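All remarks here apply to the structure that follows.
Every value quoted in this text rests on a predicted model; they were computed, and no experiment measured them.
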Amino acid sequence: MKLSTKGRYGIKAMVDLALVYGSERLSVNQLAEKQGISDTYLEQLIAALKKAKLVDSARGAAGGYTLSRPPEEISVGEVLRSLEKTTAIVDCVDVEGSPCANACTCSARPLWLKLQHRIDDVLNTTTIKDMADDYMTQLERSL
């Protein structure tokens, strides 16, 4: 699995939202500035996250974006699947995988399945709160 910028920046935006969860909303401009990317690009990512019901928005002076659920209830896997559409390392192990005529006779497929299982386990058991906590620890160590 190779993450695109959608997955990488989307996860980082979710962590930024987790850091202020329950206390404030962040605008696309604020999030984009933290990431060093364009507002337009981040708006596309936020739209996908909103469609997946991972973020909520509000208009007006106190408007902006917030997580739709507590960060401990949102898995990294859920976020990545909403942005990347799949976390498969190869097509033949994707849940909606492409039909492979060699799937039953492929000598490498058992390894791909083991790897995919481990990747999915990490992605599905790691929450956005875990990432936010790890990020804060990392920042504290760098001071």
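- A search for side chain to side chain contact (heavy atoms under 4.5 Å, CB included) contacts involving Q44 returns T40, Y41, not counting sequence neighbours.
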Ignoring hydrogens and angles, write down the donor-acceptor pairs under 3.5 Å from the side chains of residues 64-73, residues two or more places apart or on other chains.
unit_1, atom_1, unit_2, atom_2, d
S68, OG, K53, O, 2.6
S68, OG, L54, O, 3.2
R69, NH1, E78, OE2, 3.4
R69, NH2, E73, O, 3.0
R69, NH2, E78, OE1, 2.7
R69, NH2, E78, OE2, 3.0

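- Rounding to the nearest 0.5 angstrom, the gap separating the CD1 atom in I89 from the NZ atom in K114 is 12.5 Å.
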Which atom pairs, one a donor and one an acceptor, fall under 3.5 Å between side chains of residues 132-143 and the rest of the protein, sequence neighbours left out?
unit_1, atom_1, unit_2, atom_2, d
D133, OD1, K129, NZ, 3.4
D133, OD2, K129, NZ, 2.9
T137, OG1, D133, O, 3.1
S142, OG, L139, O, 2.7

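- With hydrogens and angles ignored, the 3.5 Å screen pairs no side-chain donor or acceptor of R81 with any backbone N or O of T87.
- Following chains of ILVMFWY side-chain contacts shorter than 4.5 Å, one cannot reach I128 starting from V122, and the two form parts of different hydrophobic clusters.
- Atom CD1 in I11 sits 8.0 Å away from atom CG in L3 (nearest 0.5 Å).
- Judged as a side chain to side chain contact (heavy atoms under 4.5 Å, CB included), and not counting sequence neighbours, the contacts of L111 are L115.
- Heavy atoms only, all atoms of each residue included: S75 and N124 are closest at CB-O, 3.7 Å.
- Under a 3.5 Å cut-off, the side chain of E84 and the backbone N or O of K6 do not form any donor-acceptor pair.
- D121 is linked by a side chain to side chain contact (heavy atoms under 4.5 Å, CB included) to T125, counting only residues two or more places apart in sequence or in another chain.
- Minimum heavy-atom separation, S107 to P110: O-CD, 3.6 Å.
- A side-chain N or O of S57 and one of K50 form a donor-acceptor pair less than 3.5 Å apart.
- Using a 4.5 Å heavy-atom cutoff, the side chains of T127 and I74 are not in contact.
- Between atom CE of residue M14 and atom CD1 of residue I46 there is a gap of 8.0 Å, rounded to the nearest 0.5 Å.
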Determine all donor-acceptor pairs shorter than 3.5 Å in which one atom belongs to a side chain in residues 17-30; sequence neighbours excluded.
unit_1, atom_1, unit_2, atom_2, d
S23, OG, V20, O, 2.9
S27, OG, N29, N, 3.4
S27, OG, Q30, N, 3.0
S27, OG, Q30, OE1, 3.4
N29, ND2, D39, OD2, 3.2
Q30, OE1, S27, N, 2.7

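- When all heavy atoms of G10 and L45 are compared, the closest pair comes out as N-CD1, 3.9 Å.
- We find the CG-CG distance between L31 and D16 to be 6.0 Å, quoted to the nearest 0.5 Å.
- Nearest heavy atoms, L49 versus S82: CD2-OG, 3.6 Å.
- A donor-acceptor contact shorter than 3.5 Å is absent between the side chain of T126 and the backbone of L123.
- Annotation: the span from K12 atom NZ to I37 atom CD1 amounts to 8.0 Å, rounded to 0.5 Å.
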